[in-house]
Protein chains: 2
Amino acid sequence: MPTPARTSVEQILAAGRRLVATDGLEGLTMARVAELVGVRAPSLYKRVPSRAALVRLVATDLLAELGAALAQGVGAGDPEADLREMARTLRRFAMSESSLLVLVFSPLPDGMAPDPEEVVRSVAPLLAVTTQLVGAQRSLPAARTLTAWLTGFVRMEGQGSFGLGGSVDEAFEFGLDVMLAGLRGVAGVS
Amino acid sequence: MPTPARTSVEQILAAGRRLVATDGLEGLTMARVAELVGVRAPSLYKRVPSRAALVRLVATDLLAELGAALAQGVGAGDPEADLREMARTLRRFAMSESSLLVLVFSPLPDGMAPDPEEVVRSVAPLLAVTTQLVGAQRSLPAARTLTAWLTGFVRMEGQGSFGLGGSVDEAFEFGLDVMLAGLRGVAGVS
DNA sequence: ACCTGAACACCGTTCAAGT
DNA sequence: ACCTGAACACCGTTCAAGT
């Protein structure tokens, strides 16, 4: 006699996301997720193969959101303006979801890292802009330089690692100036 | 009747470090540490207040090692050469201890992050060089730009996030060129 | 077909009891 | 003074039993 489903992957995902946001990654336990969706822990395994898979689901979900935000701010202006816009968008996103950042810009145990395909997709807008800036041959190292700086920066900011005082806003804009001046410089030498 | 100590903080620290290196942070459990040092888990609490404190100890230890390596390569040449040297030293260190990287360049749960004082000390050589490059007023944002890029890069490399092919060595040297050209550029405008 | 309680092997941590 | 077994409250996960 089939009994009706009492929850769904969507509900479980939302509960997982809420727990990571409020209590960090270690706050996402199967028992607490189950409680939030109104079911017992073993039932979760009908929808999700493991806790690691659930973490991965939340991370991928978050990354897709970031990718959508990035893609939105691209297109109109010149490449430098586009890049500034995207960088600020990424930082804004990271700050608004700072408690979830651990899922996207940090190393996760095996099996919890977000879907690599989604990673590539979310970074695509950045790669498009660097191609315009430094040409196709150098676009890959340029995008890597840019993403390394960006992810390093937002992780440090989200973690509160800027402990020496001074304006973090200023440091971000300064960094943006350095990146653009530097990309201009190496592009000119080519 | 006092019984002789059967282990030490040093042994416990070494065991913790070995476990993180081989099995990641989650592989460091009190039971396994105890087994490695030849004691039962409860005895560890005579030397170390908690697992979190032990993780923090390992992280601080590792960071001190990095700081020593950085300080070593500084001094002789011009500031740009010093910076290149230090950047490569940091990357080499990160690669050689890639499995321990999670302790130094990643967000850790509260209470596990390395001693902030040690963080400041380890970064001091970098700050000294950026001061020479861009002047005292801009040295803080410059150092932040640099460390953001460096930590972002080594974390991505250690995590294997450079999945699109291409030479990672080249991307690092390219990034170094961008940073130096960029710092030169903004310094000139001052 | 889904949900449940019971169970298993693990955690970190505390503590009374031994020496 | 240090070490230990036992215990506690928690994990993730499996599974037979219920509906």
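Throughout, protein chains are lettered first and strands after them, A, B, ... in sequence-line order, and every chain is numbered starting at 1. Excluded from the calculations below are hydrogen atoms, water molecules and symmetry mates; all remaining heavy atoms, backbone and side chain alike, are included. Note that this is a predicted model, so its numbers are computed, not measured.
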Does a side-chain N or O from Ser43(A) land closer than 4.0 Å to OP1 or OP2 of dT4(C), or not? yes
What nitrogen or oxygen pairs link the protein and nucleotides 16-18 of chain C at under 3.5 Å?
none

If we only count heavy atoms from C-beta on, is the Glu80(B) to Arg184(B) side-chain gap below 4.5 Å? yes
Ring-face cation of Arg91(A) near Phe172(A) (centre distance under 6.0 Å, axis angle within 45°): yes
Lys/Arg-Asp/Glu bridge criterion (N-O < 4.0 Å) met for Glu97(B), Arg17(B): yes
Nearest-nucleotide check on DNA chain D, Thr7(B) vs Ser50(A); residue mapping nearer the 5' end is Thr7(B)
Is any side-chain heavy atom of Leu100(B) closer than 4.5 Å to one of Phe93(B)? no
Atom OH of Tyr45(B) and atom P of dT4(D) are separated, to the nearest Å, by 15 Å
Regarding Asp23(A) and Arg18(A), does a basic nitrogen lie under 4.0 Å from an acidic carboxylate oxygen? no
Report the distance from atom CG of Leu44(B) to atom P of dT4(D), rounded to the nearest whole Å. 10 Å
Side-chain heavy-atom pair Val37(A), Leu44(A) within 4.5 angstrom cut-off: yes
Under 30°, 30 to 60°, or over 60°: which ring-plane class applies to Phe153(A) and Phe162(A), parallel, tilted or perpendicular? tilted
Under 3.5 Å for both distances, Watson-Crick or G-U wobble, that's the pair rule; now give the dot-bracket for DNA chain C, with | marking pairs to another strand and [ ] for crossing ones. ||.|||||...|||||.||
Arg6(B) side chain, from C-beta outward: closest of dC3(C), dT4(D), dT13(D): dT4(D)
With heavy-atom distances below 4.5 Å as the criterion, would you say the side chains of Leu133(A) and Met179(A) are in contact? no
Residue pair Thr131(A) / Pro79(A), side-chain heavy-atom distance below 4.5 Å: no
Regarding the side chain of Lys46(B), the nearest nucleotide among dC2(D), dT14(D), dT13(C) is dC2(D)
When rounded to whole Å, the CD to P distance for the pair Gln11(A) and dC3(C) reads 10 Å
Residue Arg47(A), side-chain atoms from C-beta onward, closest of dG12(C), dC3(C), dT4(D): dC3(C)
Give me the distances for all protein-to-nucleotides 5-11 of chain C N/O pairs that come in under 3.5 Å?
unit_1	atom_1	unit_2	atom_2	d
dG5(C)	OP2	Arg40(A)	NE	3.2

Residues Arg88(B), Glu173(B): salt bridge by 4.0 Å N-O rule: yes
Would the number of heavy atoms belonging to other residues, nucleotides or ligands and lying under 6.0 Å from CZ of Arg121(B) be above 12? yes
